[in-house]
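Below you'll find the structure, written out as structure tokens, and then a few comments.
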Amino acid sequence: MKGCHCAMRMLDIILKKRDGGELTREEINFFIREYVEGRIPDYQASALLMAIYFQGMTGPETADLTLAMAYSGVTVDLSSVPGVKVDKHSTGGVGDTTTLVVAPLVAACGVPVAKMSGRGLGHTGGTIDKLESIPGFNPFQSVRDFIRIVKEVGVAVVGQTENLVPADKKLYALRDVTGTVEHKSLIASSVMSKKIAAGADAIVLDVKTGNGAFMRSVEDAFELAREMVSVGTHVGRRVAAVISDMNQPLGMAIGNALEVREAIEILRGERAGALKEVSLLLGAYMLYAAGRCSTVEQGREMVEEALDTGRGAQKLKEMIRAEGGDERVVDDTSLLPVADEVIAIKAQQGGYISRMDAYSIGQAARLLGTGRNTKEDKIDHRVGIVLHRRVGEKVEKGETLAEFYVTQKHNLDGAIDIFNKGVDIDKQPPLPKPLVYGVVTPEGIERW
Ligand code: URA
Ligand code: CA
């Protein structure tokens with residue numbers, strides 16, 4: 001902090017936001033640049049984040065923050081790949097394996113998919129952890145190889161490169177420990193800066209709402225979606241956001257290899273359900289946003305056909321091979337590392353399932369070893385939970401609600417306890433909840 005009046009100027013910016021003022025683009029650029037360079041201390045950055053948390057940000061401030069973050073490190077230039085490139089992003093959920101289903105389907109329809117993904121966060125799973133359960137798979141490709149695979153195969157899902165959006169790396173870690181994660185403008189700038197830097201022309205967002213999501217209320221999810229669509233549109237990207245339910249896990253499997261297995265079974269046409277539904281809907285919007293079809297309905301028919309003909313499964317194989325993995329897992333899922341020991345969790349009473357809380361089930365799976373408690377923890381790809389029932393279904397006392405795939409027992413009782421606390425069985429069937437609440441596009445908000 002020597003030779004610079006950064007700390008002093010930063011204080012003025014904190015005071016302005018604390019008192020409810022609107023920051024200029026210059027002030028926001030200054031903050032991001034100097035913070036990334038290490039010339040603004042964490043305590044001042046924390047104070048500004050908390051001021052933003054309470055005072056909020058206007059649309060232009062959020063857009064300026066997003067862009068300052070997006071260009072804080074390297075950006076990916078996909079212009080050498082012909083056509084409109086598309087990306088997707090989920091704000092994070094449980095049993096939420098849509099990427100592994102939809103990315104190959106969209107690529108099979110002729111639209112290049114270029115996606116950088118993250119690891120699991122808290123109770124939520126991460127696509128990179130799931131992909132690493134495939135024997136040999138290496139998600140950490142160079143930017144050059146990322147672009148080459150998109151060109152050659154039509155789809156690449158890789159880990160985020162080290163120097164992409166350093167501002168988000170620093171700010172996210174700080175937000176995580178200062179109580180400033182759950183703010184719409186901060187989430188919107190965090191997500192969209194990474195999407196913008198990763199280079200795709202069209203971006204489809206899956207904004208989760210419910211107890212297993214960062215945005216618990218439906219209204220907050222719509223508002224977050226609106227901010228993200230607005231920022232993306234502002235920088236010339238085509239963006240659509242689907243608001244989908246995360247009160248119960250989306251798929252039936254929670255756990256890394258188990259989720260890959262479920263995605264493969266969907267692509268092989270062997271499974272229906274909520275995960276398949278949301279994946280097809282996201283795929284339809286990805287094709288539509290990329291201009292591959294003139295209506296979303298047409299996009300839906302195209303992705304369904306790619307699934308029915310097996311072209312999606314074939315694309316997944318090609319992507320796995322290109323990233324060093326054993327593509328035979330698509331034909332033979334027994335090649336995936338899945339725990340041998342399976343423990344059935346039985347219904348303690350008969351009735352209708354009224355609640356299967358995504359947050360609790362995510363936590364129970366994490367106790368079995370699917371996720372991390374510290375950044376250094378190693379996850380166990382083999383373990384997890386496979387649900388046998390969903391909310392609204394009827395069960396008899398003693399019927400299997402779920403199976404736990406385990407490799408060690410020391411957290412098993414705790415995991416069973418959390419799972420059971422997350423499940424309610426009532427005499428009356430619950431009111432059905434929608435799987436999708438609506439869609440936000442540059443044209444406006446559509447509630448379903
Ligand atoms: N996911 C992100 O990438 N950033 C956030 O702020 C929240 C979820
Ligand atoms: Ca209960």
Side-chain angles (χ1 to χ4, degrees), residues 32 35-36 45-46 48-50 52-53 56-57 61-63 65-70 72-73 75-76 87-94 96-99 115-130 139 157-200 203-217 220-232 237 239 241-244 246 250 358-359 362 371-372 375:
I32 291 299
Y35 181 56
V36 169
S46 304
L48 180 62
L49 289 172
M50 192 57 86
I52 291 171
Y53 184 92
M57 286 186 118
E61 281 179 303
T62 307
L65 177 62
T66 307
L67 287 184
M69 289 170 70
S72 65
T75 56
V76 180
D87 190 355
K88 73 149 289 256
H89 186 87
S90 157
T91 58
V94 178
D96 177 19
T97 322
T98 55
T99 293
K115 172 155 172 59
M116 289 191 170
S117 287
R119 294 200 182 277
L121 193 67
H123 65 286
T124 68
T127 303
I128 290 313
D129 294 328
K130 296 171 199 177
V157 178
V158 304
Q160 190 178 306
T161 112
E162 196 45 49
N163 34 14
L164 196 91
V165 196
D168 183 61
K169 279 210 184 70
K170 274 192 91 167
L171 283 175
Y172 197 92
L174 193 61
R175 286 166 59 207
D176 205 20
V177 293
T178 55
T180 50
V181 170
E182 295 91 347
H183 185 273
K184 279 165 285 198
S185 296
L186 296 176
I187 296 176
S189 55
S190 166
V191 169
M192 291 307 290
S193 62
K194 287 176 284 196
K195 295 291 106 182
I196 289 165
I203 300 156
V204 172
L205 303 161
D206 182 9
V207 179
K208 302 289 183 188
T209 176
N211 67 49
F214 287 117
M215 291 288 113
R216 297 204 158 202
S217 92
D220 283 348
F222 269 104
E223 187 54 32
L224 172 62
R226 208 191 49 71
E227 289 212 15
M228 292 198 288
V229 170
S230 152
V231 170
R237 310 293 167 102
V239 194
V242 170
I243 317 302
S244 70
M246 189 40 72
L250 182 58
Y359 180 77
R372 297 175 183 78
K375 271 190 347 207

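Whatever order the structure lists ligands and atoms in, that order sets their numbers, starting from 1. What you see is a predicted model; the values in this text were computed from it and never measured.
If you run side chain to side chain contact (heavy atoms under 4.5 Å, CB included) between M228 and each of I203, T62, T66, L205, only L205 comes through. Under the side chain to side chain contact (heavy atoms under 4.5 Å, CB included) rule, M116 has a single partner from T127, L164, D87, which is L164.
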Q: Apply side-chain hydrogen bond (donor to acceptor under 3.5 Å, both in side chains) to K88 and T99, showing your working.
A: CA-CA 8 Å; K88 73 149 289 256; T99 293; 2.8 Å; yes
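Residues T180 and I52 form no side-chain contact, since every pair of their non-hydrogen atoms from C-beta on lies 4.5 Å or further apart.
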Can you pull every nitrogen or oxygen pair between ligand 1 and the protein closer than 3.5 angstrom?
unit_1: ligand 1; atom_1: 3 (O); unit_2: K194; atom_2: NZ; d: 2.5
unit_1: ligand 1; atom_1: 4 (N); unit_2: S190; atom_2: OG; d: 2.6
unit_1: ligand 1; atom_1: 6 (O); unit_2: R175; atom_2: NH1; d: 3.0
unit_1: ligand 1; atom_1: 6 (O); unit_2: R175; atom_2: NH2; d: 2.9
unit_1: ligand 1; atom_1: 6 (O); unit_2: S190; atom_2: OG; d: 3.4

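Y53 does not carry R175 over the face of its six-membered ring by the limits of under 6.0 Å from the centre and within 45° of the normal.
Side chains of S193 and D168: a donor-acceptor N/O pair is absent below 3.5 angstrom, by distance only.
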